[in-house]
Number of protein chains: 2
Amino acid sequence: MHVDTKQKILDTAERLFGEQGYDATSLRQIIAAANVNLAAVHYHFGSKEELLDQLVMRRVGPVNEARLAALDRIDADTVGKRPGVEKVMEAFLSPVSQIAIAHPTFVRLMGRLHAEGLMPGIRERHFQGVAERFLATLRRALPELPEDELLWRVHFMIGAMAHALCGMPIFPGVSAASADFPARLRRLVAFVSAGFRAPVVPIGDKS
Amino acid sequence: MHVDTKQKILDTAERLFGEQGYDATSLRQIIAAANVNLAAVHYHFGSKEELLDQLVMRRVGPVNEARLAALDRIDADTVGKRPGVEKVMEAFLSPVSQIAIAHPTFVRLMGRLHAEGLMPGIRERHFQGVAERFLATLRRALPELPEDELLWRVHFMIGAMAHALCGMPIFPGVSAASADFPARLRRLVAFVSAGFRAPVVPIGDKS
DNA sequence: GTCTATACTGAGATAGAC
DNA sequence: GTCTATCTCAGTATAGAC
């Protein structure tokens, strides 16, 4: 069954990358668990990094489509008025929560990838476009917020999202509820929405 | 000069780890830049991971001491009343901003390490204690916040901090202001303080 | 077109001479 | 304390069997 080989590699790599991290997982470990040959990886993918890239693309496509659809819907529903910040956050974060339920192992990987310095190209290739689209609607929700402040807050939000998705057991109580992604999403949306609405502190002032 | 060897390794590793990441930096690269022998690393540190550990300890000690002192000061100043959330956030985040000015390359590394699935032991060894202490004062600032909600929000806050410290150029405008750590701190404190004060969404409800 | 076998370079780690 | 030599395992590249 040579048609299965590529899929087996993708599935196994997704699981092991998510469990152990990208660098910590060797190709030899993957091919042993998938029962395929080492060179098959390089035949189908060319390199370890390209394997990761195709693996991300496979799941991130639907997520970004859902994001764009939700953002379009918000814009259509709010012509002439401001969208709610919570709605915009949900449009961006909810699709992640959706695949988290179907593919929790992938979301752990994505959390790692978002956070790790890592794979400079992946973010650019898979997230830059939807990020720009997200910013456009977010500006409509927060028109009085200076642009640099807005960008920094998006930066903070993405950090919080990445960290939350990893499900890292920093505190016992946090890891316990790890499986409940919808609850995590609601908590996260509430937190970052309030953050986005925070009063702007003049950057020249002392605290 | 054999006394300098250990210091040279530490300084060079700190720089290269911060610039390229931990996994991406090889010991051979470090020893070449520091003009020492490969085996000297294993003589002085035992392993690459232990080198990282000692490197973190060297800088994180003063940071945690400053955090604890600031938290003690808050508690002493607010007996019988609630501390301000901003003050508590500043107590935790400001010391990081302080060493960021003196050692910007180390802060990049710490940001990476916070975020990377990272060295499971490092967080436990260097941050667990001060985190518990921080939680104690934070609970006094937000006594009505349920414990699980509080822990999740701390989780979000740490994610935002880690991401912000890395100074990753997600957007052009964000990376431009990267050098100005005090401004970054003020923005971050305002964002997460508002997040902590957000109304609690019942976890059983639909949005 | 797919996959296997095998070899190459560079990584971290270790033993033992000096 | 320091350095040379060597070990194992990583990612990668290629030649050739089906």
Side-chain angles (χ1 to χ4, degrees), chain A residues 1-58 108-109 112-113 116-123 125, chain B residues 1-58 109 112-113 116-122 125:
Chain A
M1 292 296 162
H2 33 277
V3 277
D4 287 2
T5 302
K6 196 170 177 176
Q7 286 295 323
K8 279 199 295 185
I9 295 172
L10 281 172
D11 292 338
T12 309
E14 176 175 304
R15 180 170 59 83
L16 293 176
F17 284 162
E19 289 172 0
Q20 311 173 340
Y22 173 75
D23 284 301
T25 303
S26 72
L27 289 180
R28 285 169 171 83
Q29 196 181 350
I30 294 169
I31 59 121
N35 272 305
V36 299
N37 187 272
L38 174 60
V41 176
H42 288 91
Y43 172 75
H44 286 289
F45 302 99
S47 71
K48 188 184 180 183
E49 194 171 344
E50 182 67 22
L51 164 61
L52 174 64
D53 208 70
Q54 289 197 219
L55 193 153
V56 169
M57 186 159 28
R58 174 171 77 148
R108 291 202 51 190
L109 170 60
R112 281 180 194 269
L113 294 180
E116 294 182 39
L118 129 91
M119 307 308 114
I122 282 187
R123 181 177 48 230
R125 282 192 292 279
Chain B
M1 296 298 157
H2 33 275
V3 278
D4 288 1
T5 302
K6 197 170 176 177
Q7 285 296 321
K8 279 200 296 187
I9 294 171
L10 280 172
D11 292 338
T12 310
E14 175 175 306
R15 181 171 59 83
L16 293 176
F17 284 161
E19 288 171 1
Q20 310 172 343
Y22 173 76
D23 283 302
T25 303
S26 71
L27 288 180
R28 284 169 172 83
Q29 196 180 351
I30 294 169
I31 60 124
N35 272 304
V36 299
N37 186 271
L38 174 59
V41 177
H42 288 94
Y43 172 75
H44 286 291
F45 302 98
S47 72
K48 189 184 180 185
E49 195 171 344
E50 182 66 22
L51 164 61
L52 174 64
D53 208 69
Q54 289 196 218
L55 193 152
V56 170
M57 187 159 25
R58 175 170 78 149
L109 170 59
R112 280 181 195 268
L113 293 181
E116 292 183 41
L118 103 112
M119 307 313 113
I122 282 187
R125 282 193 292 279

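Chain identifiers are assigned alphabetically (A, B, ...) following the order of the sequence lines, protein sequences preceding nucleic acid strands; residue numbering begins at 1 within each chain. Computed from a prediction, not measured in an experiment: that's the story for all the values here.
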Give the rounded distance in Å between these two atoms: [atom1] of [X] and [atom2] of [N].
{"X": "N37(A)", "N": "dT14(D)", "atom1": "CG", "atom2": "P", "answer": "16 Å"}
{"X": "I31(A)", "N": "dC9(D)", "atom1": "CD1", "atom2": "P", "answer": "14 Å"}
{"X": "F45(A)", "N": "dT12(D)", "atom1": "CZ", "atom2": "P", "answer": "13 Å"}
{"X": "N35(A)", "N": "dC3(C)", "atom1": "CG", "atom2": "C1'", "answer": "14 Å"}

Check: Who are the side chain to side chain contact (heavy atoms under 4.5 Å, CB included) partners of I31(B), not counting sequence neighbours?
Finding: V36(B), L38(B), V41(B)
Next item on the list: Nearest 0.5 Å please: distance from the NE2 atom of H44(A) over to the CD atom of Q54(A).
Entry: 10.5 Å
Item checked: Point-to-point distance, once rounded to the nearest 0.5 Å, from CD of E49(B) to CG of L52(B) -> 7.5 Å
Checklist line | Close side-chain approach of D23(B) and Y22(A), heavy atoms under 4.5 Å | finding: no
Check: Are any of Y43(A)'s side-chain N or O atoms less than 4.0 Å away from OP1 or OP2 of dT2(C)?
Finding: yes
Note to self: Whether T5(A) contacts dC3(C) is assessed here as follows: a side-chain N or O lying under 4.0 Å from the phosphate OP1 or OP2. Is that the case?
What the structure shows: yes
Check: With Q29(B), which residues qualify under side chain to side chain donor-acceptor pair (under 3.5 Å), at least two apart?
Finding: Q20(B)
Note to self: Let me test you: for the helix from dG1(C)-dC18(D) to dC18(C)-dG1(D), what is the angle between the axes at its two ends (five pairs each), rounded to 10 degrees?
What the structure shows: 0°
Next item on the list: Could you check R125(B) against I122(B) for side-chain contact (heavy atoms from CB on, under 4.5 Å), going step by step and ending with a plain yes or no?
Entry: CA-CA 5 Å; R125(B) 282 193 292 279; I122(B) 282 187; 4.0 Å; yes
Next item on the list: Any pair with a residue in residues 33-42 of chain A that passes side chain to side chain donor-acceptor pair (under 3.5 Å), sequence neighbours left out, goes on the list, sorted by first then second residue, please.
Entry: none
Atom pairs and distances, donor-acceptor, side-chain atoms in residues 12-19 of chain A, under 3.5 Å, two or more places apart:
unit_1, atom_1, unit_2, atom_2, d
T12(A), OG1, K8(A), O, 2.7
E14(A), OE1, R58(A), NH2, 3.0
E14(A), OE1, R59(A), NE, 3.0
E14(A), OE1, R59(A), NH2, 3.4
E14(A), OE2, R59(A), NE, 3.2
E14(A), OE2, R59(A), NH2, 3.4

Next item on the list: Encode nucleotides 11-18 of chain C as B, S and - characters from 5' to 3', where the letter depends on protein heavy atoms closer than 4.0 Å: B to the base, S only to sugar-phosphate, - to neither.
Entry: BBBB----
